There are 2 protein chains.
Amino acid sequence: MTEKKTKHHHGDLRNALIQAGIAILAEDGIDKLTLRRCAARAGVSHAAPAHHFKGVEGLRGAIAEEGFVIFRGYMQRELDKVGDDPHRRLKAISLGYLLFALENPALFELIFGISAMLYLNEVQPESPGASYDMLRQCCAPFVAEGAESGPVEAQVWSLIHGFATLFLSEQFGPVDRGNPDLDAFNKVITLLDSLPLADRA
Amino acid sequence: MTEKKTKHHHGDLRNALIQAGIAILAEDGIDKLTLRRCAARAGVSHAAPAHHFKGVEGLRGAIAEEGFVIFRGYMQRELDKVGDDPHRRLKAISLGYLLFALENPALFELIFGISAMLYLNEVQPESPGASYDMLRQCCAPFVAEGAESGPVEAQVWSLIHGFATLFLSEQFGPVDRGNPDLDAFNKVITLLDSLPLADRA
DNA sequence: TGTGTTAACTTTACAGTGTCAAGTTTGGAC
DNA sequence: GTCCAAACTTGACACTGTAAAGTTAACACA
């Protein structure tokens with residue numbers, strides 16, 4: 001308790017609301033994420049969040065920003081397990097991407113929901129950039145000197161994002177999110193084996 | 001007006017509500033799709049839809065069902081433009097997939113929203129199956145005799161679904177949905193060129 | 001130490017949402 | 001012609017976001 005910021009009233013309400021939101025997402029799902037519930041969980045009145053976020057979109061944006069940090073953690077953890085082989089790194093970051101989606105489905109939906117990009121672009125061009133940079137680095141070995149990197153990145157991102165989305169929504173069959181069968185993932189990801197390494201000077 | 005089904009009161013309220021919902025999606029976006037707005041647009045009281053759909057999820061499911069019909073139309077239209085070459089057919093169905101997303105973004109989001117699969121599975125195991133069958137047929141030439149078809153289908157579907165989702169949410173840059181630049185699509189889809197044709201008996 | 005100022009927060013209020021429980025109307029079977 | 005059940009309306013309630021007005025408390029300044 002000594003670490004209490006002893007700010008004006010609450011201390012650190014903005015962060016408390018974000019953490020409340022993340023907990024609500026994990027426990028109750030995305031459509032239970034409301035301003036009033038976050039406020040109640042943080043122990044303040046229902047109108048308090050308005051002083052820290054611009055409406056409910058602002059709150060969602062702030063939660064998404066925090067979500068990207070967690071997201072990057074998943075990818076980094078898998079990257080740390082493998083060496084320098086470019087194809088293995090590609091698979092590792094993809095696995096991290098998938099595991100994040102499986103273990104944080106509501107947060108994944110919040111972050112990558114189609115309408116989500118509206119507030120993301122406004123609120124924070126920072127964090128998604130950092131996530132994208134991780135992907136970019138993993139794709140770099142497959143981009144020829146002087147060539148544009150966009151197509152390879154789009155191929156890799158499309159494949160893993162599409163698979164994660166469809167797998168999570170059980171389009172490929174029932175999923176035990178606690179102990180997922182990664183057989184389908186391993187087979188799909190072989191498509192990236194056909195990506196040729198660029199010979200670099 | 002003579003074609004009025006002269007059912008009990010309204011005539012064909014269920015269908016009118018679905019059409020109202022599709023119009024609202026196109027005009028106002030997905031978060032304006034509410035029971036009360038659909039009811040108002042169809043000219044009935046706010047509680048009337050309850051007699052045709054099980055809550056708002058039921059309405060969304062019914063609209064999704066209709067959306068899949070439109071979706072299949074887009075894919076079929078592109079397939080009709082090409083011949084028998086398997087790789088070209090794969091690109092054609094993918095283009096139809098993308099064009100549907102671009103021209104019906106809210107409907108696409110409704111259909112493929114991550115939480116969407118809940119009511120889809122309950123309400124109608126029919127239409128999505130029909131859509132999936134189209135994909136399956138396009139993938140068949142790449143599946144060896146006796147081999148399982150799942151992996152190839154998952155690769156193709158993941159790639160195009162991921163690309164459509166990310167492209168639509170402008171992750172690859174600004175998009176003019178009326179006149180989209182399909183350059184990125186054409187480059188990403190080349191990844192499918194590496195799919196080997198199965199030599200069939 | 002006392003006094004303002006202002007940001008943080010609360011209270012109150014209102015429109016919109018889904019959903020339930022009653023009513024009312026009407027098409028059609030008998 | 002009567003009656004019934006389905007279709008639809010009306011009214012109510014809890015919940016949502018948001019705005020306006022009121023209250024509290026931290027801090028600067030005298």
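Since we're looking at a predicted model, the values are computed, not measured. Residue numbers start from 1 in every chain, and the chains themselves are labelled A, B, ... in the order their sequence lines are given, proteins ahead of strands.
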Asker: Quick one: salt bridge (charged side-chain N to carboxylate O under 4.0 Å, His left out) pairs with a partner in residues 189-198 of chain B, sequence neighbours left out?
Answerer: Lys91(B)-Asp193(B)
Asker: Enumerate, atom names and distances included, each donor-acceptor pair closer than 3.5 Å involving a side-chain atom of residues 42-50 of chain A, sequence neighbours excluded.
Answerer:
none

Asker: Who passes ring pair (Phe, Tyr, Trp, His ring centres under 6.0 Å) against His52(A), sequence neighbours left out?
Answerer: none
Asker: At less than 4.0 Å, is any side-chain N or O atom of Thr34(B) found next to OP1 or OP2 of dT17(C)? Yes or no.
Answerer: yes
Asker: Could you state the atom-to-atom distance from NE2 of His52(A) to C1' of dC9(C) in whole Å?
Answerer: 8 Å
Asker: Once side-chain hydrogen bond (donor to acceptor under 3.5 Å, both in side chains) is applied, what residue pairs with a partner in residues 172-182 of chain B remain, sequence neighbours excluded?
Answerer: none
Asker: I'd like to know if the side chain of Asp85(B) reaches the main chain of Arg88(B), judged simply by a donor and an acceptor atom lying under 3.5 Å from each other, with no hydrogens or angles considered.
Answerer: yes
Asker: Specify the separation, in whole Å, of atom CZ of Phe53(A) and atom P of dC9(C).
Answerer: 11 Å
Asker: State which residues pass side-chain hydrogen bond (donor to acceptor under 3.5 Å, both in side chains) with Arg41(A); sequence neighbours excluded, sorted by chain then number.
Answerer: Glu27(A)
Asker: Starting at CG of Leu17(B) and ending at P of dT9(D), how long is that distance when rounded to a whole Å?
Answerer: 10 Å
Asker: Return the value, rounded to whole Å, for the distance between atom NZ of Lys32(B) and atom C1' of dA15(C).
Answerer: 13 Å
Asker: So if I take every side-chain heavy atom of Leu35(A) and compare against dT18(D), dT16(D), dT17(C), which nucleotide ends up nearest?
Answerer: dT18(D)
Asker: Could you tell me the separation between the CG atom of Asp28(B) and the P atom of dT17(C), rounded to a whole number of Å?
Answerer: 11 Å
Asker: If the threshold is 4.0 Å, N to carboxylate O, is there a salt bridge linking Glu78(B) and Arg89(B)?
Answerer: no
Asker: Quick one: Asp31(B) CG to dG18(C) P, roughly how many Å, whole number?
Answerer: 12 Å
Asker: Starting at atom CG of Leu13(B), determine the distance to atom P of dT26(C), rounded to an integer number of angstrom.
Answerer: 16 Å
Asker: Determine whether any donor atom in the side chain of Arg36(B) lies under 3.5 Å from an acceptor atom in the base of dG16(C), or the reverse, and answer yes or no.
Answerer: no
Asker: Would you tabulate the pairs of protein nitrogen or oxygen atoms and nucleotide nitrogen or oxygen atoms of nucleotides 19-22 of chain D closer than 3.5 angstrom?
Answerer:
none

Asker: Looking only at side-chain atoms of Arg37(B), point me to the closest of dT17(C), dC8(D), dG17(D).
Answerer: dT17(C)
